[in-house]
Amino acid sequence: MLQVNLIREHKEAYVKALAKRNFEAKSIFEKVLFLDEERRNTQTQLDKTLAESNRLSKEIGKLFKNGEQQKANLVKEKTANLKQESKTLTDKLNTVAEDLQDLLYTIPNVPHETVPAGVSEDDNEEVFAEGEVPKLNEKALPHWELAKKYDIIDFELGNKVTGAGFPVYKGKGARLQRALITYFLDKATKAGYTEFQVPLMINEASGFGTGQLPDKEGQMYHMETDDLYMIPTAEVPITNMFRDNLMTEKDFPISCTAYTPCFRREAGSYGAHVRGLNRLHQFDKVELVRIEKSENSYEALDKMVEHVKELLRDLKLPYRILRLCGGDLGFTSALTYDFEVFSTAQNRWLEISSVSNFETFQANRLKLRYKNKEGKKELVHTLNGSALALPRVLAGILENYQTENGIEIPEVLRPYTGFDSIS
RNA sequence: GGAGAAAUGGCAGAGUGGUCGAAUGCACCGGUCUUGAAAACCGGCGAGGGUCACACCUCCGGGGGUUCGAAUCCCUCUUUCUCCGCCA
């Protein structure tokens, strides 16, 4: 959620920046500023009314104490009007404040100056690429065929137990997945992130805090009886642990990591793009979250990018980094880098990480602030990134490491898997 | 799931209808003293809105109500604790 005072100050610049997302902000901003002024005016009127009735109440108290009942009753009559008036004003205030809030919720984050304009993923900007695409022979298989051949992932079983998009990992497949998780967590811990285990369901307030609600409730699984949502990413529980916090300088840096399953409804897709592990309703992910002072946040973003690069380098997977264009940028993000691994057998790029700086957009909703050296309260910046999302990493490994004799295990994972190949 | 108790500032803990935004202690910040530190003493010290700054308004778990007036009374929800039941 954008800050109203900043909208007032930087209206023109914001309108221009939001145009990169193809978001027409001008008239909405005008409405926001109008409602905000209305809100403040109403508040002032209400305050005056309440002040007067507070004054009278105290007077009545004194009169009663002095035994001047009659005088007190006279004053009492005067309060009736004020009461009615303050009720009317309170109602008005609530309505205006709510309208303002609703409107603010519809405005996406202002893109960073480096974000290119664009309408779709085709306009994303490649900023880095590394790693060699292996030469595979003609008989190379896509990962879902490999999974079947070596009996390490069973999609049919998942269908039976739950439904499409909930695979069952078996034997060395399960072990490889666990090895990846442990490896990622170890790397994050070494890089200074504190490991957490967090709830896999969240309440409504948390959904609002990180911006999944109110817009994207269709993306999350909802437990109606208890009004809880399955997490679509660990970002939600982790970031919300800090909701309503007022931090001090000493609390920084804050860097957290967690492994969790993630649940996404992802309605509406079909075909080869959702084959196998490409898109699932339940998948595993190791997530990084950082909470930073505004002046440090972009440095922190770079560090996260470097961290993810290192993971892919270690796994020797060919990948590229994209700077998302305005049209592809998430609602809450100011700047996002997507990492994609090249899936050789499918001959396409698979997104395996997304690293973003939300600046104050989430912090404003979360009321997550810190007291700076001058004792002034400032909103913090929140950042997060996947390090990494498992299924597509697994797909990349299976496809890129396949040989005629089986699938080799990347060197760095062997201490974790306890085997060198799957055959 | 059943029975009972509780929820107050960073923490502990007073406060049961009127000058209570809230005693006191600890923690924290500033000062005096000290070679330095500790102790002692003095002062400051919750949050949000509002203002150039004051004034002023709101907040004692959340929501609603009674009253001229609520931290205090009533209703309701949530959470925590104790006991019982069930249970990985």
Side-chain angles (χ1 to χ4, degrees), chain A residues 1-9 32-104 197-209 213 223-229 237 240-252 254 261 291 360 362-380:
Chain A
M1 189 166 66
L2 298 179
Q3 297 163 79
V4 176
N5 58 336
L6 293 184
I7 292 178
R8 201 180 306 128
E9 275 170 48
V32 164
L33 295 179
F34 171 79
L35 283 172
D36 182 55
E37 194 167 331
E38 181 120 313
R39 197 205 93 231
R40 294 205 315 267
N41 288 341
T42 312
Q43 181 81 61
T44 307
Q45 280 182 57
L46 175 62
D47 285 358
K48 276 186 194 157
T49 312
L50 290 173
E52 178 63 9
S53 77
N54 284 346
R55 201 182 61 75
L56 291 179
S57 288
K58 278 181 187 165
E59 202 178 311
I60 292 168
K62 269 183 208 155
L63 290 172
F64 269 124
K65 231 171 220 170
N66 297 340
E68 303 179 79
Q69 309 272 338
Q70 274 193 330
K71 270 192 188 173
N73 285 328
L74 279 175
V75 181
K76 253 194 210 183
E77 281 167 30
K78 281 202 254 176
T79 61
N81 273 339
L82 289 171
K83 231 182 159 181
Q84 187 50 49
E85 200 178 329
S86 70
K87 206 176 164 169
T88 312
L89 285 168
T90 304
D91 288 348
K92 186 177 170 195
L93 181 66
N94 288 341
T95 310
V96 172
E98 207 175 295
D99 289 351
L100 177 60
Q101 185 85 320
D102 287 349
L103 201 55
L104 285 170
Q197 287 197 10
V198 292
L200 305 182
M201 297 188 204
I202 50 133
N203 57 29
E204 198 175 45
S206 293
F208 272 94
L213 297 175
M223 319 281 130
E224 232 169 88
T225 318
D226 300 291
D227 201 14
L228 296 172
Y229 297 85
N240 273 284
M241 294 193 295
F242 300 93
R243 173 150 42 90
D244 290 321
N245 272 17
L246 181 57
M247 337 266 254
T248 64
E249 293 267 344
K250 285 178 224 152
D251 295 322
F252 297 99
I254 296 169
I291 294 170
T360 58
Q362 290 183 330
N364 191 31
R365 290 187 174 196
L366 292 160
K367 293 201 180 66
L368 171 46
R369 296 155 305 153
Y370 80 102
K371 226 179 216 175
N372 65 20
K373 283 185 200 105
E374 290 88 54
K376 284 189 84 175
K377 282 146 215 144
E378 259 184 74
L379 289 170
V380 301

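Just so you know, these numbers come straight off a predicted model, no measurement behind them. Chain naming here is simple, since letters A, B, ... match the order of the sequence lines and numbering starts at 1 in each.
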Query raised in the report: Are a donor atom and an acceptor atom from the side chains of Asp47(A) and Gln43(A) found within less than 3.5 Å of each other?
Result: yes

Requested in this report: Whole angstrom is fine here: how far is it from CD in Gln43(A) over to C1' in rC57(B)?
Outcome: 7 Å

Report summary line: Mate of rA27(B) across any strand shown (Watson-Crick or G-U wobble, both atom pairs under 3.5 Å) is none

Report task. Sort out the partner of rA53(B) for me: Watson-Crick or G-U wobble, both distances under 3.5 Å, none otherwise. Result -> none

Report task. Take atom CG of Asn5(A) and atom P of rG48(B), then tell me their distance rounded to the nearest Å. Result -> 14 Å

Query raised in the report: Expressed in whole Å, how much space separates the P atoms belonging to rU72(B) and rG63(B)?
Result: 13 Å

Report task. For rU51(B) versus rC57(B), give the span between their P atoms, rounded off to a whole number of Å. Result -> 16 Å

Query raised in the report: Between Lys62(A) and Leu50(A), who's closer to the 5' end of RNA chain B by nearest nucleotide?
Result: Lys62(A)

Query - Donor-acceptor side-chain pairing of Asn41(A) and Thr44(A) below 3.5 angstrom - result: no

Query - Interatomic distance, Gln70(A) CD vs rC68(B) C1' [rounded to whole Å] - result: 17 Å

Requested in this report: Describe the nucleic acid contact of Asn54(A) in one word from base, sugar-phosphate, nothing, applying a heavy-atom distance below 4.0 Å.
Outcome: sugar-phosphate

Query raised in the report: C1' atom, rC74(B) versus rG30(B): distance in rounded Å?
Result: 47 Å

**Report entry** Interatomic distance at P, rA5(B) relative to rG44(B), whole Å
**Finding:** 42 Å

Report task. With heavy atoms under 4.0 Å as the rule, sort Lys48(A) into base, sugar-phosphate or nothing. Result -> nothing

Requested in this report: Output yes when Arg55(A) and Glu59(A) qualify as a salt bridge under the 4.0 Å nitrogen-oxygen rule, no when they do not.
Outcome: yes

Report summary line: Which of rG69(B), rA47(B), rG18(B) is nearest the side chain of Ile60(A)? It is rG18(B)

Query raised in the report: When rounded to the nearest Å, what value does the distance between C1' atoms of rG65(B) and rA14(B) take?
Result: 28 Å

Query raised in the report: Roughly how many Å is it from CG in Leu63(A) to C1' in rG69(B), rounded to a whole number?
Result: 13 Å

Query raised in the report: Ion pair present between Arg40(A) and Asp36(A), side-chain N to carboxylate O less than 4.0 angstrom?
Result: yes

Query raised in the report: What nucleic acid atoms does Ser57(A) come within less than 4.0 Å of, heavy atoms only: base, sugar-phosphate, or nothing?
Result: base

Query raised in the report: Between rC68(B), rG50(B), rA47(B), which nucleotide has the shortest distance from any of its atoms to the side chain of Lys83(A)?
Result: rC68(B)

Query raised in the report: So what does Arg55(A) touch, heavy atoms closer than 4.0 Å: a base, only the sugar-phosphate, or nothing?
Result: nothing

Query raised in the report: Who does rC33(B) pair with, Watson-Crick or G-U, both distances under 3.5 Å?
Result: none

Report summary line: Taking a pair to mean Watson-Crick or G-U wobble geometry with both distances below 3.5 Å, rU78(B) pairs with rA7(B)

Requested in this report: Rounded off to whole Å, could you give me the CG-to-P distance for the Asp47(A) and rU58(B) pair?
Outcome: 7 Å

Requested in this report: Check the distance between rG48(B)'s P and Asn364(A)'s CG and give it to me in whole angstrom.
Outcome: 13 Å

Query raised in the report: Minimum heavy-atom separation for Phe252(A) to Ile291(A), with atom names?
Result: CD2-O, 3.5 Å

Query raised in the report: Looking only at side-chain N and O atoms, does Lys377(A) come under 4.0 Å of OP1 or OP2 in rA47(B)?
Result: yes

Query raised in the report: Which residue, Leu46(A) or Lys371(A), contacts RNA chain B at a nucleotide closer to its 5' end, judged by nearest heavy atom?
Result: Lys371(A)

Query raised in the report: rC60(B) pairs with which nucleotide, Watson-Crick or G-U wobble, both distances below 3.5 Å?
Result: none

Query raised in the report: Taking any strand in view, what nucleotide pairs with rG69(B) in a Watson-Crick or G-U wobble way, both distances under 3.5 Å?
Result: none

Query raised in the report: Paired with rU16(B) by Watson-Crick or G-U wobble geometry, both distances under 3.5 Å: which nucleotide is it?
Result: none

Requested in this report: Report the C-alpha distance between Leu56(A) and Glu52(A) in whole Å, list the side-chain angles of each, state the deciding distance to 0.1 Å, and finish with yes or no for side chain to side chain contact (heavy atoms under 4.5 Å, CB included).
Outcome: CA-CA 6 Å; Leu56(A) 291 179; Glu52(A) 178 63 9; 4.2 Å; yes

Requested in this report: For rG62(B) versus rU80(B), give the span between their C1' atoms, rounded off to a whole number of Å.
Outcome: 15 Å

**Report entry** Whole-Å C1' distance, rG17(B) and rU66(B)
**Finding:** 12 Å

Report task. Could you state the atom-to-atom distance from CD of Gln45(A) to C1' of rC56(B) in whole Å? Result -> 15 Å

Query - Separation of the P atoms in rU8(B) and rA23(B), to the nearest angstrom - result: 16 Å

Report task. Please state how far atom CG in Leu56(A) lies from atom C1' in rC56(B), giving the value in whole angstrom units. Result -> 15 Å

**Report entry** Side-chain touch Asn364(A)/Leu2(A), heavy atoms, less than 4.5 angstrom
**Finding:** no

Report summary line: Across every strand shown, the nucleotide meeting Watson-Crick or G-U wobble geometry with rG1(B) (both distances under 3.5 Å) is rC84(B)

